[in-house]
Amino acid sequence: MNVLPSPLLLLGVGGAGAAMLRGVLRAYGPGIRALAIDTDAQAGGNGDIPFLLLGGNRLAGRGTGGQPASARAAFQDTPTILDTSLDGVRTVVIVTALGGGTGGGATGEILKHLHTLGISTLVFATLPFAFEGAERMRNARTAIGPIEQHADVSVFLPLDELVSTAGTDNMRDSLAHGIDTLALGVTLLWRVLERPGYIQLDAERLRSVLTGCGRAHFATATAQGPDRADAVLAALSESPLLKRDDTSPHVRTLLVGILAGDDLRLSEVGTVASGLSAAFGLGAALELGTVNDEATFSGRLTVVALVFDESATTTRKPTPGTVRAPTRERAGERALARTDRFRHSDATMWNDEDLDIPTFVRRHLTLDR
Amino acid sequence: MNPSDPIAALEIGTTRTVIAIAEPLGEGRIRVAAYDGIPSSGVRKSQIVDIAQARYSVASVQKKLVTQSDYAVAQAYLVVSGPQIRTQESSVQIPLARGVVSDEDIEEIGDRMYDVTLPAERQALEVARICYGLDDIENIVSPKGMNGHILKLRALCIHGSAQRIADAKSAADAAKLEILDVCYAGTSAAAAVLTAQQKRDGALVIDLGGGSTNFTAWADGRLLYADVIGVGGDHVTEDIRDAFTISVAQAEQLKFSSASAMIGPDDGSVRIPIPASTPGFNAASISLRALNTVVNARLSELFTIVRTKIDEANLLHRLNAGVFLTGGGSSMKNILPLASNVFGRAVRLGQIVPEVEGLEQEKNPAALATIVGTLIQTIPSESPRRSFLETIRHIFGGNKKK
């Protein structure tokens, strides 16, 4: 019997990305198709994770010294370095940290390449602690632009906020809590797809939800006891990762995973779904999946929420084949026009796009001149 | 009709109008005796938009063949493609008189599957068996000898616009070429490059034509899916022309001489000279990275759409023999690795099946897959390949010049 490779790949970019990947694998257990890539050979550790050395010829495995430009150039030297690891992959989930060299420099280039292959991408990128200084924060902010440009979904997580709900000042415990929180969000897709409960989301539906969504926010909450659904809602509403104010854009889509054991009650699903819908606007589309995992979540109710903003949808060049028509054009952008040869033919339409318009025009690709 | 009579096929494609003639060799084998083509006029996206020009193209090819070969073509089978092609699934059933499926039952239900009701403006091109059912058992490949009460058959009908097909026939008629029957380009391409084993194992054939892309999926030896996207090599050419403001001829030349479907790491440092197309204008140069970005974007999108459709039909996991590319666009540089990346499967250039002789000197036989496949499918008499095209009537096509 042929066993198809998983269509989901978890990719850790940079040294911190590799460390996060290890944390995620520890939290989830075996079964995730994963790969780490870094310019520093030491990030590969003792071979405990699949690892690719980026820029071997240019950097000799010594890392970038915190220079994003070196990592960017290293990937441009060998843009197909990942291709042999992408057999059957439809969606890549990237974990990385911005502020240093490889994560900040290579992630945008990797996303750009994955986009040309028609692969959907979801990025979880941490932003430096405030105490790490202005330069790392500046590096991180510089990296955000290319990531937003090429990723289907990008989630930026300030480390200060990620660890703020740890309830402890102990550094080791705080960071462990941050990794656990991140792991719940990162592994949501695997849990929903591979350990489905009573309400399922299939892989292509998830891919469709994720494609071209732009920037997202995410948070998790866990509770126990008879009122655990209400407690989870209360915790989510106070999460700094989901904080919103009057200036926040409308929410377009909510992707919610409800993780529980065999004791999950129908009324709890209803409470969580209606509570989140009410909190984020009834106009938001709700994509809900439940995960039935008695071994991991027995007695507990954990909710992972990914929130996609309305305004984020126009920042992304859509992935081929799963695209939506551009809703607006930025000043100076080229008009979407059919070429003369097809002007008098019946239009070839796909997902509301006119395929007779050159693809590079519809994708707003910049051409070297 | 005489089984040894030669057969002819005509394709009025978006970029080329081609006629091919074959002599049956028996046992399902043919020898392609002559073929030739000229650039098409009056065709856009595989559809005739100017009958007079299309007729001129057909007549010109006929004349070329008469001059260059030993054959005069008066009758031919017509290959059609384009976004006007649609498919429709249907189901028929019959009671089993003796409680066991017999050859007669299979023949009877096979006849019944042609009872497909189509709107008046549609014309059936092909009806293919997908699978059988017996009472509450589905997906039976060969029901003979099985016990039950009701035998069912799911069938796939491929149909086209009667008006568009009539336009193509008119162009041929005006050139005094009688059209005997009409074949769908997608199944023809598959007939040319897939072996029976590959059809059983599961295969996808993508024919990259000038104006459209036809694709068919096969498994268990049967045609399970057929579709057309109105995007072809013409779109790649137009994208290049539009990106660099050059002539169509220059864009076409760049497409095959310089462009790649994949963007290479060193492309940014390479520039391609573009001679001035009009005297008095300066020559220019373009970046290879820019050229490949344009081509990669178009072809990635096209393959992704095909993959999405095959995935939606729940057939992606059944393509154990892989994906096969045919048509003029299949010779583009690095198109195989790009397609392989998108499909996550082995992708190969289609090789003409061993039953066909006469193309040994042809540089890119995959480009002739649709017309060669039509010849294979229309072999007269009791050839075992006849079942490929069950709606085709096997009538003589092509007179050898006396």
Side-chain angles (χ1 to χ4, degrees), chain A residues 2-5 7 75-84 86-90 112-119 203-204 207-208 317-323 334 337-351 353 355-363 365-369, chain B residues 44-45 47 49 82-84 211-212 228-231 234-244 248 262-268 271 286-291 293-309 311-312 316-318 320 337-338 340-345:
Chain A
N2 287 329
V3 178
L4 293 176
F75 189 80
Q76 287 170 346
D77 288 344
T78 53
T80 56
I81 185 172
L82 289 168
D83 290 6
T84 54
L86 296 174
D87 181 29
V89 170
R90 299 277 281 153
K112 188 176 174 183
H113 180 66
L114 294 174
H115 176 65
T116 66
L117 301 179
I119 293 173
E204 282 310 303
R207 188 172 190 263
S208 170
K317 295 167 192 163
T319 298
T322 49
V323 292
R334 184 173 173 173
R338 311 179 87 201
T339 59
D340 287 343
R341 189 167 176 81
F342 305 120
R343 191 155 286 153
H344 302 296
S345 306
D346 292 339
T348 301
M349 303 299 294
W350 171 255
N351 283 356
E353 277 197 90
L355 300 184
D356 293 332
I357 298 169
T359 313
F360 76 93
V361 175
R362 282 181 280 119
R363 301 275 177 272
L365 298 182
T366 303
L367 302 180
D368 293 346
R369 295 294 178 182
Chain B
R44 292 281 183 278
K45 289 194 196 177
Q47 295 178 19
V49 294
Q84 44 114 353
S212 60
V228 185
I229 299 168
V231 172
D234 254 18
H235 286 76
V236 179
T237 305
E238 274 299 295
D239 290 1
I240 296 171
R241 187 200 61 72
D242 190 66
F244 305 110
V248 171
M262 302 278 278
I263 303 168
D266 301 323
D267 290 354
R271 294 198 71 80
I286 62 169
S287 153
L288 181 59
R289 176 182 282 274
L291 174 63
T293 300
V294 170
V295 174
N296 174 270
R298 173 61 80 175
L299 293 174
S300 294
E301 176 182 65
L302 178 59
F303 287 135
T304 303
I305 294 172
V306 174
R307 179 186 162 126
T308 302
K309 286 175 174 256
D311 211 5
E312 286 172 354
L316 202 56
H317 65 287
R318 302 189 67 180
N320 296 315
L338 173 70
S340 186
N341 282 339
V342 173
F343 286 97
R345 294 281 184 286

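Small disclaimer: the values here were computed from a predicted structure and weren't measured. Side chains are part of it too, since the values below use all heavy atoms of this structure and drop only hydrogens, waters and symmetry mates. Reminder, nothing fancy here: chain letters follow the sequence lines and each chain counts from 1.
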For a 4.5 angstrom cut-off between non-hydrogen side-chain atoms, does T308(B) reach W350(A)? yes
Is there a side-chain contact between E238(B) and D356(A) in this structure, where contact means two heavy atoms from C-beta onward sitting under 4.5 Å apart? no
Output the distance between atom OG1 (T116(A)) and atom CG (L338(B)), rounded to the nearest 0.5 Å. 8.0 Å
Measure the CD1-CG distance between I305(B) and L355(A) for me, rounded to the nearest 0.5 Å. 4.5 Å
Applying side chain to side chain contact (heavy atoms under 4.5 Å, CB included), can you list everything that pairs with D83(A), at least two apart in sequence or on another chain? T80(A), L86(A), H113(A), L117(A), M262(B), N341(B)
Taken in chain and number order and not counting sequence neighbours, the residues that satisfy side chain to side chain contact (heavy atoms under 4.5 Å, CB included) with T293(B) are L365(A), L367(A), I263(B), R289(B)
For [X] versus [Y], what's the shortest heavy-atom pair and its separation?
X: I357(A); Y: R298(B); value: O-NH2, 3.3 Å
X: P265(B); Y: Q76(A); value: CB-O, 3.6 Å
X: F360(A); Y: D239(B); value: CE2-O, 3.5 Å

Short question: side chain of T348(A), backbone of V231(B) - any donor-acceptor pair under 3.5 Å? no
Ranked by heavy-atom pairs below 4.5 Å to chain A, first place among P337(B), G344(B), G264(B), G268(B) goes to G344(B)
